[in-house]
Colleague: 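This is the structure I want to talk about, given as structure tokens.
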Amino acid sequence: MGTEVEYTPFELMAVAGARELKNGEIVAVGLGLPVVATFLAKRTHAPDITIMFELGVIDPEPIHTGVGLADPRVWYRSKVLSTFVDMLGGVLHGGRVDVGFLGGLETDAYGNLNTTLLGDPKGKFRHFVGSGGANDIASSSKRTIIIIRHEERKLKEAVSFITSPGYIRGGQERAQAGLPGGPSRVITDKAIFGFDPESKRMTLLSIHPGCTLEDVLGTMGFKPIVPEHVPFTEPPTAEQVRIIREEIDPEGIYSG
Amino acid sequence: MGTEVEYTPFELMAVAGARELKNGEIVAVGLGLPVVATFLAKRTHAPDITIMFELGVIDPEPIHTGVGLADPRVWYRSKVLSTFVDMLGGVLHGGRVDVGFLGGLETDAYGNLNTTLLGDPKGKFRHFVGSGGANDIASSSKRTIIIIRHEERKLKEAVSFITSPGYIRGGQERAQAGLPGGPSRVITDKAIFGFDPESKRMTLLSIHPGCTLEDVLGTMGFKPIVPEHVPFTEPPTAEQVRIIREEIDPEGIYSG
Amino acid sequence: MDKVVTLSEAVASIPSGSHVALSGFAITRATMAFAAEVLRQGIRNLTVSQCVGAMDADLLVGGGAVSRILYGGGSLDRFGRLACVNRAIEEGSIVAEEYSSLSMVFRYVAGALGLPFITIRSLRGSDVLKHLEEKAPSAVAYVDDPFTGEKWLALRPLNPDVAVVQVQVADPEGNAWIYGPRWDNEEQVKASKRTIVITEQLVPTEVIRRDPERTVIHGFRVSHVVHLPFSAHPTAVYRVYDYDADHIRLYAEAAKTPEGMRAYLDKYVYGVKDHWEYLELLGGVRHLTKLAADPILGY
Amino acid sequence: MDKVVTLSEAVASIPSGSHVALSGFAITRATMAFAAEVLRQGIRNLTVSQCVGAMDADLLVGGGAVSRILYGGGSLDRFGRLACVNRAIEEGSIVAEEYSSLSMVFRYVAGALGLPFITIRSLRGSDVLKHLEEKAPSAVAYVDDPFTGEKWLALRPLNPDVAVVQVQVADPEGNAWIYGPRWDNEEQVKASKRTIVITEQLVPTEVIRRDPERTVIHGFRVSHVVHLPFSAHPTAVYRVYDYDADHIRLYAEAAKTPEGMRAYLDKYVYGVKDHWEYLELLGGVRHLTKLAADPILGY
């Protein structure tokens with residue numbers, strides 16, 4: 001084994017996310033860690049990735065960290081500046097997006113995402129952000145990757161509001177709703193999950209170095225499928241950490 | 001009466017066409033005399049007309065006569081250069097076009113236009129230009145103005161192929177096909193026609209100075225409705241003729 | 001035709017109860033000066049729509065001018081949530097039709113192109129759709145694809161009474177250019193019955209004719225042109241000025257409570273006569289100069 | 001990713017029997033060098049589509065490479081008709097699906113946006129529709145508006161195998177700018193499975209990043225980039241060169257008869273090895289210099 005590389009949990013999440021992307025893929029990205037992960041992939045093993053932001057931006061090369069998609073910092077040196085119809089219509093709904101990369105308030109055992117509200121939609125609730133392009137991206141991408149913090153209140157048996165559908169209530173429900181694709185990975189700061197091909201229930205794939213199975217299961221709101229042997233997640237390389245810290249997120253806003 | 005103004009039949013047609021346009025209207029224009037008429041209106045009584053060409057051109061100010069809509073001469077000094085979807089979709093199909101201004105191979109007693117073929121569509125025929133945007137313009141404009149030469153083979157009881165519908169076979173047929181508007185005027189080099197509000201059959205409105213009723217009816221392929229009193233068409237003014245000759249069509253390509 | 005008027009004249013053309021499509025996206029190109037003037041004129045009962053909710057909608061809701069909002073969710077990005085919109089939804093004081101970005105823009109597309117309806121893959125299987133079926137049953141329906149027999153979700157076209165759009169460059173007829181991504185603005189304009197253009201820079205039509213590929217708003221759709229610098233403040237206008245981070249933070253903090261919001265409105269909206277006084281209250285030229293965009297970065 | 005190849009390599013990627021969307025409109029931005037190379041490589045049985053038929057389609061039909069054409073009618077403007085297309089239609093040697101400009105572009109729009117179908121007001125009550133119902137019954141159908149019950153004509157989406165687009169400026173990835181009106185070209189590209197870009201000027205991606213609002217073709221849609229000056233000759237490329245009126249007249253005269261067309265092909269298509277030899281045959285630099293566009297007029 002080489003030198004031990006130090007990294008934060010968020011850096012590991014970004015690296016794990018980056019590894020999911022193949023060169024040449026078209027990626028629809030929400031803000032935050034998904035952006036860090038995608039830029040990291042593009043600067044390492046996947047230089048021909050196309051990065052798309054819903055509001056009309058392709059392949060920017062920002063040098064300052066923005067506060068959100070609406071921040072002109074995020075559009076710097078783009079190849080295309082256009083419209084929702086061009087991005088979410090022509091690229092996404094037109095069937096060209098390979099990977100949708102999303103975060104959220106909550107996700108659940110079937111990879112449904114909630115970014116809308118917490119509480120009882122018909123009674124007392126707190127309203128948050130809503131969908132933006134997330135529902136569209138979750139509905140039309142060939143596959144979806146979810147990045148979310150590993151907390152009991154964020155990983156629930158069923159979300160209180162399905163903003164962006166995963167496998168709905170599992171099995172064939174997503175396909176029956178007429179939707180292609182579905183979530184392929186859920187990346188938290190403790191583990192990586194996939195989905196059982198039949199039941200579509202979340203399945204533990206790997207545990208991050210330094211965590212135990214008990215850590216992972218004890219801080220979730222539901223029990224995922226746990227195979228007999230669960231490997232450890234591959235840690236970031238020194239080069240990956242350097243690129244995140246020096247080039248992509250020097251202010252440590254997303255991955256610090 | 002003032003000085004007699006000399007003019008060609010085509011100049012009279014262009015002037016008669018211009019008079020049909022009101023200030024502020026949005027006009028979808030095919031090439032040829034309709035362009036001359038519309039530019040004339042814009043330079044005289046209707047400066048706030050918006051001129052639209054189907055391929056993505058708004059309000060050009062050409063200084064050279066082009067060979068067709070595809071000729072960059074026709075796009076000179078435009079305010080907008082865009083797309084079919086923008087023009088024929090957003091402006092025309094979106095319901096914003098007040099006047100569609102069209103020419104053709106043949107028209108008939110109900111203002112249907114043929115630009116596709118002559119002969120028997122199922123047997124021997126000669127194929128010409130087809131629709132381009134003409135069918136779209138005839139289908140979605142609030143009203144249509146047709147400019148055509150006054151010849152028996154061009155003014156027929158029924159065209160051999162309806163490229164662009166007028167009132168189809170008259171009466172309510174156009175409305176029943178789900179189409180708004182319809183032809184309001186047919187301008188030839190001998191007369192101006194309108195359409196009977198009930199039967200939608202072509203109706204003689206005025207005869208050009210120097211022509212007789214016999215000239216008009218004797219050189220048509222069908223009998224229009226002829227009211228008891230038919231006035232003469234108002235002749236062009238000296239200023240209108242000057243603008244056509246000096247500013248709009250100095251080479252006399254369309255109106256010579 | 002010269003359509004240049006004051007902001008006050010343009011706003012006065014909007015009756016209470018109108019449906020207004022706004023050009024803002026979170027903290028960029030939001031119609032802030034417009035929203036403030038709507039509040040000063042006491043216009044009420046508006047329906048507001050935009051694909052992603054922005055600070056303009058939050059100010060209008062916070063000032064009580066809105067009874068219905070159609071949007072795809074929204075925020076002030078990292079500065080915070082749309083606190084006034086969220087509070088009004090939680091209290092039930094406005095009706096919120098919540099969409100996704102694409103389903104909102106497809107409703108504008110159908111309105112723009114004169115389509116009777118438009119089909120979409122989004123929303124299916126989600127609670128967003130269930131919500132819409134309850135709150136806006138006339139906006140969604142199902143239709144069978146006549147070619148395959150497959151069942152599709154259909155959306156009704158949207159035709160707002162007026163689109164209000166912040167742009168960088170416009171001429172007196174309303175022909176306008178937008179630098180940067182344009183999100184739903186083109187479709188809002190084409191779907192709306194008329195448009196009010198609020199421009200940072202007013203140029204002769206001659207300038208428009210020199211680069212007509214850039215013209216994304218056609219003059220004939222525009223009823224009023226307002227030439228008003230910093231009219232999106234504190235939100236950003238790409239290539240003209242950056243967002244005013246301090247002021248957005250101040251707003252986000254104030255908007256967290258009804259009392260805070262009232263104090264904000266009293267000072268920055270009702271406490272000034274017009275946009276020029278607002279700019280002076282902020283610190284005038286000296287303050288605004290700090291926000292000017294770097295010509296290469298655009299912010 | 002660098003996708004720059006020779007014209008010959010790009011054309012070789014197209015199997016006989018493909019559906020090719022072409023960027024020409026009458027006598028402007030027609031894919032002339034491409035069409036000549038298709039003929040030289042002996043590719044056959046193509047389906048060709050474009051909103052308004054252009055000289056590129058006429059050359060391909062004249063050379064016998066086309067078995068089906070989907071178009072909205074077309075001509076060589078005042079230079080004449082599309083004589084080869086018309087003759088083939090009259091003789092029944094090709095299948096012609098004839099549309100209007102909007103109905104063609106709406107089929108591309110539906111293909112581009114992933115819509116199962118699109119509704120339209122055009123075509124109704126016309127013989128164009130009757131014709132389509134006979135020749136292309138799978139392209140048209142009727143659907144009831146689920147909101148009003150009204151009956152609408154529906155068109156099936158169109159997804160060509162490849163769009164071939166003449167542009168003024170492209171980078172090695174295929175990001176491209178089109179000056180002047182773009183007619184159906186953006187929708188052709190978005191609807192097609194892939195795109196071949198043929199550009200007058202090849203620029204580094206750095207140039208594209210300096211004015212990204214102009215990028216109407218996204219690099220990721222492009223499989224091949226061909227850098228080939230005067231590749232639309234004798235048709236016009238706005239801001240680069242004017243149409244070659246004498247050569248179009250010569251072509252229009254030749255195309256009037258099968259014999260004339262054969263002689264034209266033997267000399268200008270089969271009589272040259274490639275596009276460079278064609279340009280020399282025309283008179284080389286001396287001749288082409290006369291066509292260069294005036295920088296203010298654009299023609």
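Every chain is numbered from 1, with letters handed out A, B, ... down the list of sequences. Predicted model only: the values in this text are computed from it and were never measured.
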Colleague: Looking at C:Gly74, C:Ala293, C:Ser75, C:Gly298, which has the largest count of heavy-atom pairs under 4.5 Å with chain A?
Modeller: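 Among the listed options, the one with the most contacts to chain A is C:Gly74.
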Colleague: I'd like to know which of C:Ser103, C:Gly180, C:Gly92 tops the heavy-atom pair count under 4.5 Å against chain A.
Modeller: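 Sorted descending by pairs with chain A, the first entry is C:Gly180.
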Colleague: Counting only non-hydrogen atoms closer than 4.5 Å, does C:Glu150 touch chain A with its backbone (N, CA, C, O), its side chain (CB onward), both, or neither?
Modeller: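 For C:Glu150, no heavy atom lies under 4.5 Å from chain A.
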Colleague: Against chain A, label C:Leu76 side chain, backbone, both or neither, depending on which of its atoms sit under 4.5 Å from a heavy atom there.
Modeller: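 Neither part, no heavy atoms under 4.5 Å.
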Colleague: Which region of A:Phe53, side chain (C-beta onward) or backbone (N, CA, C, O), has a non-hydrogen atom less than 4.5 Å from a non-hydrogen atom of chain C, or is it both or neither?
Modeller: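 Interface part for A:Phe53: neither.
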Colleague: Does any backbone or side-chain atom of C:Glu186 lie under 4.5 Å from a heavy atom of chain A? Answer side chain, backbone, both or neither.
Modeller: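 C:Glu186 touches chain A through side-chain heavy atoms alone.
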Colleague: Tell me, for A:Tyr76 versus chain C, whether the close heavy atoms (under 4.5 Å) come from the side chain, the backbone, both or neither.
Modeller: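 For A:Tyr76, side-chain heavy atoms alone lie under 4.5 Å from chain C.
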Colleague: Can you tell which part of C:Ile296 gets under 4.5 Å to a heavy atom of chain A, answering side chain, backbone, both or neither?
Modeller: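 Contact with chain A is through both the backbone and side chain of C:Ile296.
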Colleague: So which residue, A:Pro165, A:Gly130, A:Ser82, ends up with the most heavy-atom pairs under 4.5 Å with chain C?
Modeller: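 Among the listed options, the one with the most contacts to chain C is A:Ser82.
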Colleague: Does the side chain of C:Arg182 come under 3.5 Å of the side chain of A:Thr83 through a donor N or O and an acceptor N or O?
Modeller: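 C:Arg182 vs A:Thr83: no donor-acceptor pair found between side chains.
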Colleague: Top residue by heavy-atom pair count (under 4.5 Å) with chain A, among C:Lys151, C:Arg87, C:Arg81, C:Arg124?
Modeller: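 Highest number of heavy-atom pairs under 4.5 Å: C:Arg81.
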Colleague: Side chain to side chain donor-acceptor pair (under 3.5 Å), that's the test. Do A:Ser139 and C:Arg121 meet it? Break it down for me.
Modeller: CA-CA 7 Å; A:Ser139 300; C:Arg121 193 184 301 114; over 6 Å; no
Colleague: So what's closer than 4.5 Å to chain A heavy atoms on C:Tyr179: side chain, backbone, both or neither?
Modeller: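 No part of it gets close to chain A.
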Colleague: For C:Leu123, is it the side chain, the backbone, both, or neither that has a heavy atom closer than 4.5 Å to a heavy atom of chain A?
Modeller: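 Both backbone and side chain.
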Colleague: Counting C-beta onward and ignoring hydrogens, is there a side-chain heavy-atom pair between C:Tyr299 and A:His64 closer than 4.5 Å?
Modeller: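 Yes - at least one pair of side-chain heavy atoms lies under 4.5 Å apart.
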Colleague: When rounded to the nearest 0.5 angstrom, what is the spacing between CG in A:Leu55 and OG1 in C:Thr28?
Modeller: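 Atom-to-atom, A:Leu55:CG and C:Thr28:OG1 are 8.5 Å apart.
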Colleague: Under 4.5 Å heavy-atom distance to chain C, tell me which part of A:Arg126 shows up: side chain, backbone, both or neither.
Modeller: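 Contact with chain C involves both backbone and side-chain atoms of A:Arg126.
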Colleague: Could you tell me whether the side chains of C:Tyr243 and A:Asp71 share a donor-acceptor contact shorter than 3.5 Å?
Modeller: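 A pair is found: one side chain offers a donor N or O, the other an acceptor, under 3.5 Å apart.
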Colleague: Step through the shown structure and confirm whether more than 12 heavy atoms of other residues, nucleotides or ligands are within 6.0 Å of CD on A:Gln172.
Modeller: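 Open.
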Colleague: Between C:Ser101 and A:Gly133, is there a donor-acceptor pair closer than 3.5 Å when you use the side chain of the first and the backbone of the second?
Modeller: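 Yes.
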Colleague: Can you tell which of C:Val52, C:Ile89, C:Ile178, C:Val109 has the highest number of heavy-atom pairs within less than 4.5 Å of chain A?
Modeller: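 Ranked by contacts with chain A, first place is C:Ile89.
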Colleague: Taking atom CZ as the centre, does A:Arg73 end up with more than 12 heavy-atom neighbours from other residues, nucleotides or ligands that are less than 6.0 angstrom away?
Modeller: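 Check passes, neighbour count above 12.
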Colleague: Using non-hydrogen atoms and a 4.5 Å limit, figure out which bit of C:Tyr99 sits close to chain A: side chain, backbone, both or neither.
Modeller: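 Backbone of C:Tyr99 only, per the 4.5 Å heavy-atom cut-off to chain A.
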Colleague: Sort out for me which of A:Ser164, A:Gly32, A:Ala70, A:Gly68 touches chain C most, counting heavy-atom pairs under 4.5 Å.
Modeller: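 Looking at each of A:Ser164, A:Gly32, A:Ala70, A:Gly68 in turn, A:Ala70 comes out on top.
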Colleague: Nearest 0.5 Å, what's the CG-CG distance between A:Leu69 and C:Asp77?
Modeller: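 CG of C:Asp77 is found 6.5 Å from CG of A:Leu69.
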Colleague: When rounded to the nearest 0.5 angstrom, what distance separates OG in A:Ser160 from CG in C:Asp127?
Modeller: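 A:Ser160 OG to C:Asp127 CG: 9.0 Å, rounded to 0.5 Å.
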Colleague: Looking at A:His127, is its backbone amide N or carbonyl O close enough to the side chain of C:Asn86 to form a donor-acceptor pair, meaning the two atoms are under 3.5 Å apart?
Modeller: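 Yes.
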Colleague: Specify which of A:Leu92, A:Asp136, A:Leu117, A:Leu88 makes the most heavy-atom pairs with chain C at under 4.5 Å.
Modeller: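 Option with the top pair count is A:Asp136.
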Colleague: Count the heavy-atom pairs under 4.5 Å between each of A:Leu81, A:Val67, A:Ile63 and chain C, then report the option with the highest count.
Modeller: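 Most heavy-atom pairs under 4.5 Å with chain C: A:Val67.
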Colleague: Is it the side chain or the backbone of C:Val128 that comes within 4.5 Å of chain A heavy atoms, both, or neither?
Modeller: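 Looking at C:Val128, backbone and side chain both touch chain A.
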Colleague: I need the minimum non-hydrogen distance between A:Phe125 and C:Glu90, along with the two atoms involved.
Modeller: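 Minimum heavy-atom contact is O-CG, 3.4 Å.
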Colleague: Measuring from A:Leu113:CG to C:Ser126:OG, what's the distance to the nearest 0.5 Å?
Modeller: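 Between A:Leu113 CG and C:Ser126 OG, I get 12.0 Å after rounding to 0.5 Å.
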Colleague: Let me know if C:Asn185 has heavy atoms under 4.5 Å from chain A in its side chain, its backbone, both or neither.
Modeller: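 For C:Asn185, there is no contact with chain A at all, as no heavy atom is under 4.5 Å.
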Colleague: What's the spacing between C:Phe25 CZ and A:Glu54 CD if we round to 0.5 Å?
Modeller: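 Separation between the atoms: 5.0 Å.
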Colleague: Of all the heavy-atom pairs spanning C:Cys51 and A:Phe84, show the shortest one and how long it is.
Modeller: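 Answer, listing the atom of C:Cys51 first, then A:Phe84: CB-CE1, 3.3 Å.
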Colleague: So which of C:Gly73, C:Ser100, C:Ala245, C:Ala83 has the biggest tally of heavy-atom pairs under 4.5 Å with chain A?
Modeller: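 Winner by heavy-atom pair count: C:Ser100.
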Colleague: Could you tell me which non-hydrogen atom of C:Gly125 sits nearest to which non-hydrogen atom of A:Ile162, and how far apart they are?
Modeller: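 Smallest heavy-atom distance, with atoms named: O-CG2, 4.0 Å.
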Colleague: Between chain C and each of A:Ser131, A:Gly56, A:Gly132, count heavy-atom pairs under 4.5 Å; write down the option with the most.
Modeller: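 Looking at each of A:Ser131, A:Gly56, A:Gly132 in turn, A:Gly132 comes out on top.
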Colleague: With respect to chain A, which residue among C:Ile120, C:Thr235, C:Leu82, C:Val85 yields the maximal number of heavy-atom pairs within a distance under 4.5 Å?
Modeller: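 Of C:Ile120, C:Thr235, C:Leu82, C:Val85, C:Ile120 has the most heavy-atom pairs under 4.5 Å with chain A.
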Colleague: Can you confirm whether more than 12 heavy atoms, excluding those of A:Glu198, are under 6.0 Å from its CD atom?
Modeller: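 Not more than 12 within 6.0 Å, no.
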